[in-house]
Amino acid sequence: MYLEKELIASIQLFLDSKFNLKVLESEIKLLSTKKNFKGDLTFASFSLINKLRLKPEDISKILGDHLKENCDFILDYNIVGGFLNLIFKDSYLVNNLLKFDSTKTKSINNNSIVIIEFPSPNTNKPLHLGHLRNMFLGMSIGNILEYAGYKVKKVNLVNDRGIHICKSMVAYKKFGNNETPDSDKIKGDHFVGKYYVKFDQELKKELSDLNSKNLEDSKLIKEAKEMLLKWEEGDNDVRKLWVKMNDWVYKGFNETFKKLNIQIDKTYYESDTYLLGKEIIKEGLTKNIFYKKEDGSVWIDLSDVGLDDKLLLRADGTSVYITQDIGTADKRFEDFKFNKSIYIVGNEQDYHFKVLFSIMRKLGRAFANDMYHLSYGMVDLPSGKMKSREGTVVDADNLIDEMINTAKFHTNELGKIDNFSIEEARKLYEQIGIGALKYFLLKIDPKKRMLFDPKASIDFHGDTGPFIQYTYARIFNLLEKAKSLNIDYLNLKENLDIKIEESEREIILHINTFIKNLKEAINNYSPAFICHYVFNLSKLFNKLYGEKNFLKEKNESLKSFRLLLAYKVAELIKINLKLLGIECPNRM
RNA sequence: GCGCCUGUAGCUCAGCUGGAUAGAGCAACUGCCUUCUAAGCAGUAGGUCAAAGGUUCGAAUCCUUUCAGGCGUACCA
């Protein structure tokens, strides 16, 4: 049982027996005692003044006396301005640690099926910093939910068709000279992206030659549009080129995925799904949920839910973005019978998803209320917004390489791994560099817009991935030494007669919030909670590590206990980093 | 115009289902390696929580207004 729960139960019982007052567990709020006061947990008695008609000081006194008297785990209490600060007995905290089991999380949820959609890239250019935030969130949230017992399926909906792809294709046809990623020695997605940029450059040139700003005047645009039509007709040559170029892109993407350990269970392609949804338009018309305008276009009126009229089908019968999203939602439910479907998509599409979910609700889809848009904020640069036209986009692959190189630089500077093989060292650089990057992007509340400062991102001190990895590595080393000294810390019996330090109390109390924090992360779909938890855990441990020499402790019981504490901390660091998709090197 | 989001230390962020004297990291300054890994630890300094009202025993947190910034509001995706 967790510290808090046992205490809350005692308080509930007391209020019931003494005052005949029944309060819910959730109504009793325990705070962790502020640093400047003595105590482990604090009860704010103010919350009961109306119910008990007593002064907060009196409530605290009565409650404190009772708990001290009757709970064998409470050592003492003090009252400051109505706040009741409770102090646990050392023995209770020690026993609590001995019993702590980090694996009892699977029962938080029993096998609900959750679909997570990400990163859903376009196939006309390489991945960038925004995709990194997206992918790290997707993977981490997937890990977190899985750890809590959910059944998670990660799906990717690739935007592999449309005018933007045709632009790359036109440019390649005109200027490609049959080059390939292999012949150019460029990663496939970058190779194709090059032609997307080329198209834009040539277009600008063309328009300035024509002295026009009107895209209608451009032959290049016309060619791209024609190519799109041919694509839709299934023109052989166009399709062949399309397959070839997309394959290059996928090969490139997969390399990046692999490096970052991004795993996708199922990939949907828009070229397969873009026609979905048209049937549902008919359904909506029959049910009079949608309406047809004179020109034949189909709309839905969403004014009753505070939104506008929305086009669902063009006058020429072709579908728009939301049409296929409606279709895909149905298909996804057919495919997975999900209990929850999470779309990890940037917040510039908030309105789109509001509309989509409203439509599904109006169509009477029971799963409509289980669809959730995890709306994450944009990643800005110190120079402002990332803009592809101004060349300020941070490329994912470049950034990854930079991070790994920085890790290499620092590691070599510190000179701690001189006996590593080249392969071991390479692996370590990746673990540290990518760990730093993931942590940097995940530690901020997903909902919030964030600033990516390259200088700050490559800092490996303080609130960073490497700091936490380092804490783990030090404990690993410590435990290895303990092992070589034949110290048995894993089979300790309860009721050790030891006195623990303030730093140790803090660690045990923090360890106890693991499950609570995990639930918090789940409820908010936010890996940031995991980051904060594991950072604070590391910090608390490092404090103790600086204060005490573990192996030189004379009291054998205390020595073993401390090593067990270290062991549990390491275990939790590893678990939590894993939830973030970050690896834990044993040495660094 | 309308809708949504954001505003906390020099910088980046926690805290926001109301609780004590608002916290961390970075940057700055002081100390600590004859070593369980200094990618660490200890300390100093740094705040009108954008502003003004309101609710409350109590407000960074809830409500209203104002200001500033972002995003959206396409027969684009």
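Lettering follows sequence order; numbering is per chain, from 1. The shown structure was predicted, so the numbers you read here are calculated from the model rather than taken from an experiment.
- Comparing the P positions of B:G53 and B:A59 gives a spacing of 14 Å, expressed to the nearest Å.
- By the 30° and 60° cut-offs, the orientation of the rings of A:Tyr343 relative to A:Phe357 is tilted.
- No engagement by A:Lys55 is indicated, since no non-hydrogen atom pair under 4.0 Å with the nucleic acid exists.
- For the C1' atoms, the distance from B:U21 to B:G25 is 22 Å, rounded to whole Å.
- Residue-level contact check: A:Asn85 touches the bases, meaning some heavy atom is under 4.0 Å from a base atom.
- Nucleic acid contact class of A:Leu551 (heavy atoms, under 4.0 Å, all strands): base.
- A distance of about 28 Å separates the P atoms of B:U12 and B:U73, rounded to the whole Å.
- Note: CD1 (A:Ile59) to C1' (B:G19) measures 14 Å, nearest angstrom.
- In this structure, B:C33 shows a glycosidic angle within 90 degrees of zero, which is the syn conformation.
- What you find for A:Ser358 and A:Val305 is that their closest heavy atoms are OG-CG2, 4.0 Å.
- Separating the NZ atom of A:Lys455 from the C1' atom of B:G25 is a distance of 17 Å, rounded to the nearest angstrom.
- Comparing B:U17 with B:A60, their P atoms are spaced 14 Å from each other, to the whole Å.
- Not one N or O on the side chain of A:Lys61 forms a donor-acceptor pair closer than 3.5 Å with the backbone of A:Pro56.
- B:U8 and B:U61 have their C1' atoms separated by 11 Å, given to the nearest Å.
- Residue-nucleotide stacking is not present for A:Phe467 and B:G40, judged by a side-chain ring centre under 5.5 Å from the six-membered base ring centre and planes under 30° apart.
- Looking at which nucleotide of RNA chain B each of A:Lys385 and A:Lys481 is closest to, the 5′-most match is held by A:Lys481.
- Panel note: side chain A:Asn517, backbone A:Tyr533; no donor-acceptor pair is recorded below 3.5 Å.
- A distance of about 16 Å separates the P atoms of B:C41 and B:C36, rounded to the whole Å.
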Between the protein and nucleotides 42-47 of chain B, which nitrogen or oxygen pairs are less than 3.5 angstrom apart?
none

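- When ring centroids are compared, A:Phe460 and A:Phe467 stay outside the 6.0 Å threshold.
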*What string of B, S and - do you get for nucleotides 1-9 of chain B, 5' to 3', if B is base contact, S is sugar-phosphate-only contact and - is no contact with any protein heavy atom under 4.0 Å?*
---S--S--
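- If you check every strand for non-hydrogen atoms under 4.0 Å, A:Leu478 touches a base.
- A close approach under 4.0 Å does not occur between any side-chain nitrogen or oxygen of A:Asn36 and OP1 or OP2 of B:U21.
- Under the 3.5 Å distance criterion, the side-chain polar atoms of A:His373 are matched with a main-chain donor or acceptor of A:Val345.
- Separation of the P atoms belonging to B:A51 and B:G43 is 31 Å when rounded to the nearest angstrom.
- Looking at the side chain of A:Phe37, the nearest of the listed nucleotides B:U37, B:U21, B:C36 is B:U21.
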*Paired and unpaired positions of RNA chain B as dot-bracket, Watson-Crick or G-U wobble under 3.5 Å, | denoting a partner strand*: (((((((..((((.....[...)))).(((((.......))))).....(((((..]....))))))))))))....
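- Counting only heavy atoms from C-beta on, A:Arg474 has its side chain closest to B:G40 among B:A14, B:G40, B:G19.
- For a distance-only test at 3.5 Å, the side chain of A:Thr42 qualifies as a donor-acceptor partner of the base of B:A20.
- Atom-to-atom, CG of A:Asp463 to P of B:A14 comes out at 10 Å; the value is rounded to the nearest Å.
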Tell me which donor-acceptor pairs under 3.5 Å the side chains of residues 556-565 of chain A have, and how far apart each pair is, sequence neighbours excluded?
| unit_1 | atom_1 | unit_2 | atom_2 | d |
| --- | --- | --- | --- | --- |
| A:Ser560 | OG | A:Glu556 | O | 3.2 |
| A:Arg562 | NE | A:Glu504 | OE2 | 2.4 |
| A:Arg562 | NH1 | A:Glu553 | OE1 | 3.1 |

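- The side chain of A:Thr33 lies closest to B:A20, out of B:G40, B:G19, B:A20.
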*Please step through salt bridge (charged side-chain N to carboxylate O under 4.0 Å, His left out) for the pair A:Glu27 and A:Lys51, ending with a clear verdict.*
CA-CA 12 Å; A:Glu27 285 178 294; A:Lys51 284 176 175 161; 3.3 Å; yes
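- Contact between A:Ala566 and A:Ile475 at its shortest, heavy atoms only, is O-CG2, 3.3 Å.
- With hydrogens and angles disregarded, a donor-acceptor distance shorter than 3.5 Å links the side chain of A:Lys443 to the backbone of A:Asp463.
- Heavy-atom nearest nucleotides on RNA chain B were determined for A:Asn536 and for A:Ala407, and the one closer to the 5' end corresponds to A:Asn536.
- Using a 4.0 Å heavy-atom distance criterion, A:Asn477 is classed as a base contact.
- Look at CZ on A:Phe46: it is 14 Å from C1' on B:A59, rounded to the nearest Å.
- Taking the six-membered ring wherever Trp is involved, the centroid distance between the rings of A:Tyr274 and A:Trp231 falls below 6.0 Å.
- Taking the centre of each ring, A:Tyr321 and A:His352 come in below the 6.0 Å mark.
- When ring centroids are compared, A:Tyr372 and A:Phe353 stay outside the 6.0 Å threshold.
- A:Ser375 comes within 4.0 angstrom of nothing in the nucleic acid, heavy atoms only.
- The aromatic ring of A:Tyr545 sits over the base of B:C36, with ring centres less than 5.5 Å apart and planes tilted by under 30°.
- Of the candidates B:G15, B:A20, B:A14, B:A14 carries the atom nearest the A:Asp445 side chain, counting heavy atoms from C-beta on.
- A:Asn549 places its CG atom 13 Å from the C1' atom of B:U37, with the value rounded to the nearest Å.
- The backbone N or O of A:Gly377 lies less than 3.5 Å from a partner atom in the side chain of A:Arg133, making a donor-acceptor pair.
- Among the protein residues, A:Asn124 comes within range of no part of the nucleic acid, since none of its heavy atoms lies under 4.0 Å from any strand.
- The six-membered or imidazole ring of A:Phe541 lies near that of A:Phe550, with a centre-to-centre distance under 6.0 Å.
- The gap from the P atom of B:G18 to that of B:A38 amounts to 44 Å, rounded to the nearest Å.
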If you restrict it to nitrogen or oxygen atoms, what contacts under 3.5 Å exist between nucleotides 74-77 of chain B and the protein, and what is each distance?
| unit_1 | atom_1 | unit_2 | atom_2 | d |
| --- | --- | --- | --- | --- |
| B:C75 | N4 | A:Asp295 | OD2 | 2.4 |
| B:C76 | OP2 | A:Arg314 | NE | 3.2 |
| B:C76 | OP2 | A:Arg314 | NH2 | 2.7 |
| B:A77 | OP1 | A:Arg314 | NH2 | 3.4 |
| B:A77 | OP2 | A:Tyr321 | N | 3.3 |
| B:A77 | O3' | A:Asn159 | ND2 | 3.3 |
| B:A77 | O2' | A:Asn159 | ND2 | 2.9 |

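- Within the nucleic acid shown, A:Met588 comes within 4.0 Å of at least one base atom, counting heavy atoms only.
- Partners of A:Lys516 according to the salt bridge (Lys or Arg N to Asp or Glu O under 4.0 Å) rule, which considers only residues two or more places apart in sequence or in another chain, are A:Glu4.
- Using a 4.0 Å heavy-atom distance criterion, A:Asp459 is classed as a sugar-phosphate-only contact.
- Using a 4.0 Å heavy-atom distance criterion, A:Ser47 is classed as a base contact.
- The shortest non-hydrogen separation linking A:Gln431 to A:Pro585 is OE1-CB, 3.3 Å.
- In this structure, A:Lys552 atom NZ and B:U34 atom C1' are separated by 10 Å, rounded to whole Å.
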